[in-house]
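Proteins get letters first, then strands, A, B, ... in listed order; numbering begins at 1 in each.
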Amino acid sequence: MTIKTEQMVLNMGPQHPSTHGVLRLELEIEGELVKKVTPHLGYLHRCFEKHAEAMQYNQVVPYTDRLDYLAAIGNNFGYALAVEKLLGIEVPERVEYIRVIMAELQRIASHLVAIGSNGADIGALTPFLYLFRDREYILNIIEETCGARMLYNYIWIGGLSHDIHPDFIRKTKEFCNYFKPTIVELDNLLSYNKIFIERTANIGVLPVDTAINFGASGPTLRGSGIKFDLRKDDPYSIYDRFNFEIPTGKGLMGTIGDCWDRYYVRIREMEQSLKIIEQAIDNIPNGDVQSAIPKRIKPPKGTVYKRIENPRGELGYFIISDGTVNPFRVKVRAPSFVNLEVLGELCKGYLVADVIAILGSIDIVLGEVDR
Amino acid sequence: MTLYDILFYLFAVITIASAFVVVTTKNVIYSGFSLLLTFFGVAGIYVLLGADFLAIVQIMVYVGGILILILFGVMLTNKITDVDIRTGTIHLLPAAVGVGILFGALISVMVWTDWKSEPVELPVTTTYTIGRELLTNYVLIFVLLGLLLLVVLIGAASIARRDKE
Amino acid sequence: MREYFRNTWLGIYTVLVGMKITFKHLFTPAVTIQYPEVKLKLPERERNRLYVNMDDCIGCDQCSRACPVNCIEIETVKSIPGEDLGVTSNGKKKALWVTKFNIDFAKCCYCQLCVFPCPTECIYMTDVFEFSEYNRNDLIYKFATLTEEEAKEKRINFEKFTAEKEAQKTAAAAKLKEDQKTAS
Amino acid sequence: MAQVGLTHFLVVSSILFSLGIYGIITRKNAVMVLMGIELILNSANINFVAFSKFGNLGINGQIVALFVIILAAAEAAVALAIVLNIYKTYTKVNVDEIDHLKD
Amino acid sequence: MYEYFYELTGNTILSTLIVAIFPLLNVLIVALIGVYLERKVSARIQDRIGPNRTGPFGLFQTIADFVKMLQKEDATAKDIDSKLYNIAPVLVFTGSFAVYAAIPFSSKLIGSEVEVGLFYVIAISSLVVGGILMAGWASNNKYSLLGAMRSAAQIISYEIPTAIIVLSIVMITGTLSLDKISNMQTAYFWNWNILGGAEFGLTKFLLIPFMIVGFIIIFISTLAEVNRTPFDIPEAESELVAGYFTEYCGMKWAMFMLSEYGNMFAVSAIVSILFFGGYHSPIGYLGNSLGIEWLIPFEQAFWFLAKGWTFILIQIWLRWTLPRLRVDQLMSLCWKYLIPYAFVNLIVIGIILLL
Amino acid sequence: MKSAEEIFEILKIEFSDSILELDKDTPTESIISVDPLQIHQISKFLRENPGLQFDSLMCLSGVDDANGNKIKNADGDDVFENGTMSVYYNLHSIPLKHKITLKVTTPRTNPKIESVESIWKCANWHEREAFDLLGIYFLNHPDLRRILMPYDWDEFTTEVSRYPLRKDYKNPEFYQGMKVPY
C-alpha cells in the first residue's frame, strides 16, 4: 500500500501483556507496518554483576538463579563449571550425571514455557495451560529433590546441594513416558494448525550469517538451519557420552529461519532432552555428591570464560579472580540479552502483530536481559 | 398529537440539529459522528414515509459504508494522534446571508406551493414492488448502475493507490 | 489453484483436529486443586520459612555470615562463669547468651545457605509458606528466647563481670608490680 | 402544528439542503465539503420519498431515491480517493490552498 | 405479543416499551450466562475448574462481577475526548441491541415483524462500527485507535460474505422476513434449510452440500463480525492490550461486554433462523400432540434459545481452541477465500433453483 | 583449529606493533593484549582471514582493573588515580572451532576504545553495556547510549556515582527525588 499515513510511535510496554516482562519496545509504525523497533531495557536491572563482586563465590549461586528464572539450574550449572575451571577441581561422576539430568529436565520445563507463551502471544491460550500443566510435573520432581520450585540453588561449586530424592529416578521415568504423547498432542493442537502456521511461517526470517553476526545462539540460531549446539560443539560436563541429535530449522512450513522454525526446533529439542534423560537416568553411579565441594573457595588469580548451552542459548560466565574469596568481576553473557538484539533487525517491514510473534519466538527472559 | 407526529418531530429534530453540528463544529471528527446521527434521522423519516426498504438501504449504505469511508478519510488525512482535529472556515458571513436568502426562497416555495398532499396508498411490501420495478421498468438503469459501481471501485482504488512520483 | 484448495482444506481440517483435542479435554478431570481447602503434600525437603530452634543455638554467627542477603541478625553476650546455659542436643556446651536473633523474611531468598554451616543443626527450613503480613516490619521474626529485660540483665551482668575482672586484673597487675617492686 | 403532512417533510428537507450548502461554502477541509454534499443528497432524497408518499410519483420516487443513494456511495468513494491523492501530493486537504494544477 | 399488551394497556408507547423489555432481558441474561459459560467451558477445556466460589458451581460469579462493575469508579484518562468517549459505549450497545427488534423468539414474541427483517439486521449491526470507531478515537490511545481501525475494516469486509450467503437463502425462501423464513422450515428437522429446505425432490438433495458450505461461510463471517477468536484482532489481547476499549472501565466497559455477548447471541440466532429452522422444533410440538395451544409459543422459545446457545457454545469452544489470525490474513481470508466461495455457492444455488 | 600461540604468531606478523603480549600465566586461558585503538583492524583481520574465521563474538566484558593508587577527591570519596580499564573480547569460530581471548587496556580517565560494532553486530549492546556501567567510550559506535541504567542517570548523579560497575562507585543520595539506598 502506498497510502501515505502519518508515522507514529507506539510504546509497547513496559506494561504490556506480551512483552514477556518489563521490556519496552518503541515501535515506529506507519499504519500497521513496523519501520523500526528500538528496545529499551533496564526495567528489571538488579545489579547482579555488582552484587557478585561483594559476595563470596558460593554465595553468588543463589543470585544466578534469578537471572534466567525459567532455567535456574542451567545458570547454576554454568557458574559452577566456570568456578570449577578456575579452581581446577573435578567433580564425581554421580554429580555429573545428576547435573545433566537436572539440566535437561529444566530445559524441557523452560521450553514448555517458551512454546506456550509463544502460542499464547498468538492467541492460543489453551496449549499454554496444557504446557504449564506438564511443567508442573517437572517442577514437582525437582522440588522433591532440592526443595524449591523455581530458584533452586541446586548445583553448587564442586557438587550439589542435595543428593537426589529416592523417588527421583522412578518419577523421571514416569515423566518421560507421560510426556511423549503430550508432544504429539501439542503438535496436532498448535504446531500444525493452519492459523498458527500462517501466523509464524515466513515471519521474522533470520538468515544464518546475520544470526551468527548478531551472536544469536540456542534455538534462535538453530532455527536458522545451522547445527551449532555447545553440548556437541564445545562439550562440557559429560554431554559427549550421550547420543542425541541437534534439531535445526528446515523451513518445513516456509523459509528457513522463520518463527515457525524457531518454535519447532524447541519442540524437537524437548524430544532430544528426553532422549538424554533416558540414557542417563539408568546409569547414575553411586557416590557422594558433596565430597568435592571445597571448604573454602579461593581460586588462584586468573580469568575464565565458560559457556554452556542454556535453553535460551549460549550462557557464558566471564569471571576474573584476583586471588581473594570474592570474585573480582563476574560478567554474564546472557543468551536472551544477545538474542534480543536481533529483534530490531527481524521486525523491520512486518506488522505490529508479527512483532509479538517474533518476540515470542526469540523467547527472552527479562531477568536475564537486564540482570 | 399521535405517535406518528411525535416520531416525526423527534426524527426531524435529530436530523436538523445534528446536520447543524455537522456544518458548524470545528472538529472534523465531531461533524463526522454527527453525520451518523443525521443519516439515522433521515432513515427514520423514510420509515415514517412508508419506505422501510429505503430506510434500511440508507442505514446500510450511508452508516455502514459512506460514513465509515468518510471517517477513514478524515483519519487518513489528518494528524490522527490528536484528539482535536480542527478545521478552518472561510467567508462565514456572506455564506450565512446567501444561504439565509436561499433558505427563505426555498421555504416560501415549499410552503406556499399548493402540493397535492393526499397520501397515496403505497404497497405494503415495498421490497417486492421495488424489486419488480428494478427488473422491469428500470432494468437498464439498474444494470448501468451496477457497471458504474464496478468502474468506481476500480477507479477509486487506482486513484488512491497512485504513487507519488 | 491446487494450493488454494489445499489451504482451504488444511484450514478446515486442522481446526477440526484442534477442536477434537479440546473436546476430549472437556471431559478430562481438572488438574488444579482448590488451594486453601486442599493443599499439596509438600516434600520433606521443602525450602520455605526458616525456623531456629533456640534451645540448640550456640550463637556462633555462622548462618549470618553464610547468608548472601544479610537477612539474619544475631547479637550475643558472653556468659559469665557460674551461669548454666545448658547443652545443645548434640552435647555441645553453650557459651553465649543469644540476645537477638532476627530473621527478616522480606529479605530472605530461601537459598538454604544458612542451614548447612550450622554446627548444631538448629536452623532449618520448614514447609510453612503462607506468612503474608500487612506490615513489612511484621516479617522480621524474632527468635531469641530471652526477653528484653533478661537480655539487658545479661549484658549488665557481663559488663559488671568484665569490669570486675578488669578491676581484678588491674589490681593483680598492681599487686604484681608492687610485689616486683618490693622484691627488687 | 398541524397534522404532519407533506409540507413538514419538505421543510425538513429544505433546512437540510440549506445547511448542506452552507457547509460546502464555509468549509475549507475537502472531507467536510464532501459531508455537505452528502447532506444535500439526503435532503433531495427526503423530497423524493415524500413525493412518492404524497404525490403522483408512487413507488418510482423511492426507486429514484435508491439510485441517488447508490450514486452517493460511488461519489463518496471517488471523492475520497481524490482527497487521499491530494493529501499525498500536497499533504493538506484544504480546498482553498490547493490552487495549482501541477507541481 | 404487542397486540396482547396493547389490549392490556391500551397505550401504544407503553406496550412498545414492555415488548422491548424482553430482548433487553435476554441480552442481560445472555451476557450473564455467556460469561459464566465462557469461563466454565474454557476452564474445562484447559483442565481447570473455573469459578466455583460464588454460589453453587460459581453460578453467581458473573452477577457478583456485574455488581462490582456497577460500583467501580469511572476512571478516565486525562486527554480523552469526553463527549465521544461517553457516547461510544451506548452507541455500540444500541447497535447490538437494535438487532433484537427483528429477531423472532417464537411465533408470538417478535419485537417488530418487519418485512425486511433480514436486511434490517445486517444494516443495523453496522451501527456498531460507528461506536467502535468513536471509542477508539475518543480514548486518545494508539492501541485503541489501531483496534478501532482494524475492527471497522473487519466488520465492513465480513458483511459481504454474510450478505451473499443471506442472498442465497433469500433466493430459496423468497422473503426477507425472519418470521416467514422460520415458518418455511417448520415441522421436522429435515425441513431445515441446511438440509435443503421444505420441499422434496431432486432440488432438495442437490442443495444440501451447498447449504452446508453456506452455513460454514456464514458461521465464519458472523464470527468475525462479532470479533470472536480467531477473529478477535481488534481486541487482540497480546498485541493491542484490549483494542478499542483499552481505556474503558466500570460500567462503560461492561456495556462493551454486554454488546459483545448480545452480538454473539444475535448472530447465533440469525444462523439458526437461516439454516436451522429458527424457533421451530425439530421433532414436532408437545403442545400439538397434547392439544394445549398455549404451550406452543413457550416450546418455540425454548427451541430458539436452545439453538442459539448451541452456537454460542460452539463459538466458545472455537475460541479456546484456535490462535488468532493477523489483520492482513483476516482480510485475505475474507476477500480471497470466503467471498469467492460464497459467490460460487450463490451462483450454483441459483442454477439449482432454476432447474 | 589453532591454539592461542599460533594465532598470536599470525597476529604478530600482521600487526607487529599493535599486538602487545601473550599472557599465558593464567591457569585457564591465554590472553592476547592488543592496542585499544587498533582493535577494529585486528578484529576485521581475525574475522576475515580464511585461516582464522572468528565469526562470532561470544562475549565482550568491560573490567575496572582497580589498580592505580587510591586518593581522596574533593568530596572526600575514595577514587582511583592513574588506573586502567580493560575490555576482554572472547572470540569463537564456528567453522574452525577455536577460541581466543583478546584484551585491550586503556587509561582510567577518559577511556577510549575502538568499537567493533561494524564487525560483530552483537558487540553493539555489549559495548553499550560497558559504556553504561563502566564509562568506557567506544569510538565509532553508532548508538552509544545507556542501556541498563536510566537515560537521565547523569543528570542526577555526581562523578563518583556515574558508572556503577567501577570499583570506586558510590551510591548517589537521590535519584529523581527518590532515596537510592532505600
If we define contacts as heavy-atom pairs under 4.5 Å, which of C:Ile21, C:Ile33, C:Val31, C:Ile12 has the most with chain E?
C:Val31

Closest non-hydrogen atom pair, E:Ile49 against C:Ala30
CG1-CB, 3.6 Å

Shortest non-hydrogen separation from E:Arg44 to C:Thr28 and the atoms involved:
NH2-O, 2.8 Å

Checking E:Arg53 against C:Glu37 for the salt bridge (Lys or Arg N to Asp or Glu O under 4.0 Å) test, could you report, in this order, the C-alpha distance in whole Å, the side-chain angles of both residues, the deciding distance, and whether it holds?
CA-CA 12 Å; E:Arg53 291 306 163 103; C:Glu37 282 102 53; 3.1 Å; yes

Say you draw a straight line from CZ of C:Phe27 to CD1 of E:Ile45; how long is it, rounded to the nearest 0.5 Å?
9.5 Å

Where does the angle between the aromatic ring planes of C:Phe23 and E:Trp317 fall among parallel (under 30°), tilted (30 to 60°) and perpendicular (over 60°)?
tilted

Hey, can you pull the donor-acceptor pairs under 3.5 Å for the side chains in residues 110-129 of chain C, sequence neighbours left out?
{"residue": "C:Gln112", "atom": "OE1", "partner": "A:His162", "partner atom": "NE2", "Å": "3.4"}
{"residue": "C:Thr120", "atom": "OG1", "partner": "C:Asp56", "partner atom": "O", "Å": "3.1"}
{"residue": "C:Thr126", "atom": "OG1", "partner": "C:Arg49", "partner atom": "O", "Å": "2.7"}

Heavy-atom proximity to chain C below 4.5 Å, by part of E:Leu322
side chain

Heavy atoms only: give me the nearest C:Thr22-E:Trp320 pair and the separation to one decimal.
CG2-O, 4.0 Å

Test side chain to side chain contact (heavy atoms under 4.5 Å, CB included) applied to E:Val41 and C:Leu26, step by step:
CA-CA 7 Å; E:Val41 170; C:Leu26 206 52; 4.3 Å; yes

Taken to the nearest 0.5 Å, the spacing of C:Lys20 NZ from E:Thr321 OG1 works out to 13.0 Å

Does C:Phe131, at its CZ atom, have more than 12 non-hydrogen atoms belonging to other residues, nucleotides or ligands within less than 6.0 Å?
yes

Tell me whether the count of non-hydrogen atoms from other residues, nucleotides or ligands lying under 6.0 Å of CD in C:Glu130 goes above 12.
yes

